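Side chains included, hydrogens not; waters and symmetry mates left out as well; all remaining heavy atoms used. Just so it is clear, the structure is predicted and the values come from calculations on it, not from any experiment. Quick note on labels: first sequence line is chain A, next is B, and so on, each numbered from 1.
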Amino acid sequence: MSSERRKPYPFDEIEPQWQKIWEDRQLFHAPNPGENNFDSAKPKFYILDMFPYPSGSGLHVGHPEGYTATDIVARYKRMRGFNVLHPMGWDAFGLPAEQYAIKTGQHPSITTRDNIAKFKTQLQRIGFSYDWEREISTADPRFYRWTQWIFLQIYNSWFNPETQKAEPISTYLGSDPDEVRLAYVAEVPVNWCPDLGTVLANEEVVDGKSEVGGFPVVRRPMRQWMLRITAYADRLANELKDLDWPEGIKLLQRNWIGRSEGAEIKFTIEGHDGAIRVFTTRPDTIYGANYMVLAPEHPLVDRLTTEDRRTGVAKYREQVSSKSDLERTDLAKEKTGVFIGANAINPVTDEKIPIWIADYVLMGYGTGAIMGVPGHDERDLEFARKFDLAVMPVVQMQGKTAEESIGAIEDGIAINSPLINGLPTPEAKKKIIGWLEQNGSGRADIRYKLRDWLFSRQRYWGEPFPVVWESEPNRPHGKHRALDEKELPLIPPPLDDYKPTGTGEPPLAKAKEWVRYSEKATRETNTMPQWAGSCWYYLRFCDPQNDERFVGEETERYWMGGVGAGVSPANDKAEASKRKAADTAAASTGGVDLYVGGTEHAVLHLLYARFWHKVLFDLGYLSKSEPFQRLVNQGMILGEDNRKMSKRWGNVIDPLDVIAEYGADAFRCYEMFMGPLEQMKPWSMKGVEGVFRFLARVWRLIMIENQAGQWEMSPAVKDVDLSKAQQKILHATIKKVTEDIESLSFNTAISQMMIFVNAFTTANTIPILAMRPFLILLNPFAPHLSSELWERLGAKEEITDQSWPQHDERLLVEDEAEIVVQVKGKVRDRMTMSILATEEEMKTLVLANPKIQQLIAGKTVLKVVVVPRKLVNIVTD
RNA sequence: GCCAGGGUGGCGAAAUUGGCAGACGCGCCAGACUUAGGAUCUGGUGGAGCAAUCCUUAGGGGUUCGAGUCCCCUCCCUGGUACCA
């Protein structure tokens, strides 16, 4: 490595200079309504990156991919006259800092602060135009005070099924509000990792082991805080409709929510009072239900099992409970189960059907019980074959016999079903549900795969819950009560020892003083999960310094309101109440105008944030019911060997190494030139060099090295008019770059700029009039280089204050066009013709072409297809 | 298994409504300048063939004057999901 080697252009000098200028002058600060330099005539544009967790290892090349894309759009939109909100912050609570604390004793806030400083330096070295005055950290009390405040709003609300909205808990008329709160406590099975001494989120458990350390994880019931996200299942699914998101991501969310329509059916039990309730999406197949299956954990099992079956049932349940979740689902190729001795009555046939337990029925979905219809359910069929149960077809497929229809799960015509025989599946469902309702045996029902959100963690480094437990005679744990919002922020106590207790009791429990709230009340010692801060950080960016409110009303309306909205009159009470009353569908556009980040957040962060947003919207705090109007996922960057970058393969690229060698501009441009933003693509150092050479050519278009080795303005740069050809390529470039930024096709925008530069490289004079607009086009991509050259060309104003050039369509039209001449669809010649030539003239010209005449000699011309300005196709026999 | 997204030169990739496939970049080849080149510039570069020409967008079929693009089938890759009743 020869660091001595002369740089093809002095990026190492100019880049830090410009970064300093941008920081010193706070050039990219976006004024809020009410600020001095706020211009209400400017439309707003909110463009957001998914903020990073500031890990100890610093940025990798994946982060700046999305960040560069948004930075280009942000710089472009500013020059198009928008007031652009482009902020950056830190998702700063998280397990790594806590584990580092356990190892070293260093307080997580110190680790976090250092990592943030490192990340910020790195981001600034890439030249991003963030409004650093809006920097936030989720671990800052001034921020999490409001995270806790939002939790209080959720806690103090319920979901009114009548209005399909969250409402203050005071509007609930039932006897026990704790039954309906959107935040509640429940005893649920969680992922408990004994070695780490903590519960883990599902996403932290990989193949039954902890992601960190690879320790075994077991399911264990614990008292946990839950958020009632399932209340919003329908709205979360339905309101995706109007969002400008990739269809794949919408589908992922819909599948995650997993809405299925069907019926709940009651099966009475022979010799017992109670009934077994099942959920099915195919009530029309009920005549084929000749057995039932309960989940082994189903509460009725004990009561229903007959004496002679007890040992068998106990043995089977034992077997199942010793299996991990993984074994139970993955190894379940072969169906297992036992008959429990009891029988149920099929409500439509009045026939006795045996009740089994089997682990293919899960307690966690539906009612934890099913009716077995072997004729039309793959799993039931497998089960019936294994245990020799009868299989009867009750739906016949078109073009198949009844016998052949066994195993078919598609819609067909009901057979062997007296009440609904001959009806197509959809009608059969309706009719049978009607019958069940009339007979008190069932009703239409909707179920979701989505579960309520387990919202508490046994960790130190997270937001403490603003909740205390007051002792009450009849409750072993006491009764929860929310703190008053005046008591916020609730700051976690200092600890000497961050180690998990090992019992499942959170580390905060060790701070005895802190835990003791009053004579008869103790603090909640769980903390919130890492997702909490990211559920609303985009709102805080609008108004990060506000200590009166989580976000100022007018500010929220401005940034999170309609796209390109101006400012509405301040403090209009009537307006506000009208907004509250507005129905949710009508308010479902607006918000963050462009949100860029990885697909890994498709269901978790993006679903959680939408949920919180809707609650706050329902309670009247927000303008729109959806936070992120447009979403784009950047693709993953692979190593040069086409494998995922990892230490294991030694293929990790450090952005700072690339920048040291080629500069930030080359780094930015290469990341964008690699290929389409959303696509997965491998890194190539050679590719960086290619882009770097392009930037060096731009530099040398304008600068020349003198004898002394100093860069000075090239004498070729002159204040002269452009030739017609130059005029054309300039305007073609303006057009292409503009359109490509709008469509986020940055790779082709750069291609076009390369074409532009190639065209001027050979020119002996370089017209300033061509260079100035070009530098503006280049500025979002290579801000340092373009700023420096702009200044060297003697401009008085900053390049960032320029308005974006506009192309003149008239300069792009040609007098003549090259026409493709085809015979029977094959290209045989090309001819130049006036673009004004009529179809008839074009046809005549082509038929007069000797080469064509030769080719069609002796043949009959059946047809001539003429596409004006493009092509003539002669069809012969 | 199911769902989604892909498959175009040696490589990363381009290609409005179906209308010149391979723009731009890398790599490679040749040349210029040079004491030198891992700098810079110029030209060439999908495959076969001396050539005219033929072949070519994973494979096969179809629609069309014309298909990378639209339709059907098959294969392969990537991501998600996994007994969801």
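In terms of the side chain to side chain contact (heavy atoms under 4.5 Å, CB included) criterion, residue partners of A/Met645 (sequence neighbours excluded) are, by chain and number, A/Val61, A/Ile637, A/Asn651, A/Val652, A/Ile653, A/Trp683. Remark: A/Asp234 engages A/Arg259 in a salt bridge (Lys or Arg N to Asp or Glu O under 4.0 Å) (not counting sequence neighbours). Evaluation of the salt bridge (Lys or Arg N to Asp or Glu O under 4.0 Å) rule for A/Asp445 yields A/Arg443, A/Arg447 as partners, not counting sequence neighbours. Under the rule for a salt bridge (Lys or Arg N to Asp or Glu O under 4.0 Å), A/Lys449 has no partner lying at least two apart in sequence or in another chain. With sequence neighbours left out, the salt bridge (Lys or Arg N to Asp or Glu O under 4.0 Å) criterion links A/Lys386 to A/Glu334. Every residue two or more places apart in sequence or in another chain that forms a side chain to side chain contact (heavy atoms under 4.5 Å, CB included) with A/Thr336 is listed here: A/Tyr316, A/Asp359. Remark: A/Thr281 engages A/Ser260, A/Phe279 in a side chain to side chain contact (heavy atoms under 4.5 Å, CB included) (not counting sequence neighbours). Residues satisfying the side chain to side chain contact (heavy atoms under 4.5 Å, CB included) criterion with A/Ala732, sequence neighbours excluded, are A/Gln752, A/Leu812.
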Nucleotide N/O of nucleotides 63-69 of chain B paired with protein N/O under 3.5 Å:
| residue | atom | partner | partner atom | Å |
| --- | --- | --- | --- | --- |
| B/rC65 | O2' | A/Asn873 | ND2 | 3.3 |
| B/rC65 | O2 | A/Asn873 | ND2 | 2.4 |

In B/S/- notation (B base, S sugar-phosphate only, - none; protein heavy atoms under 4.0 Å), nucleotides 26-37 of chain B written 5' to 3' is SS----------
Expected string for nucleotides 8-16 of chain B under the B/S/- scheme (protein heavy atoms, under 4.0 Å, primed atoms plus P, OP1, OP2 as sugar-phosphate) is ----BSS--
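Of the side-chain N and O atoms in A/Asn633, none sit less than 4.0 angstrom from OP1 or OP2 of B/rG79. In terms of phosphate contacts, A/Lys250 brings no side-chain nitrogen or oxygen within less than 4.0 Å of OP1 or OP2 of B/rC3.
Projected onto RNA chain B by closest heavy-atom contact, A/Met371 and A/Val820 fall at different nucleotides, the more 5' of which corresponds to A/Val820.
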Per-residue pairing states of RNA chain B in dot-bracket (Watson-Crick or G-U under 3.5 Å; . unpaired, | other strand) read (((((((..(((......[....)))((((((.......))))))(((....)))..(((((..]....))))))))))))....
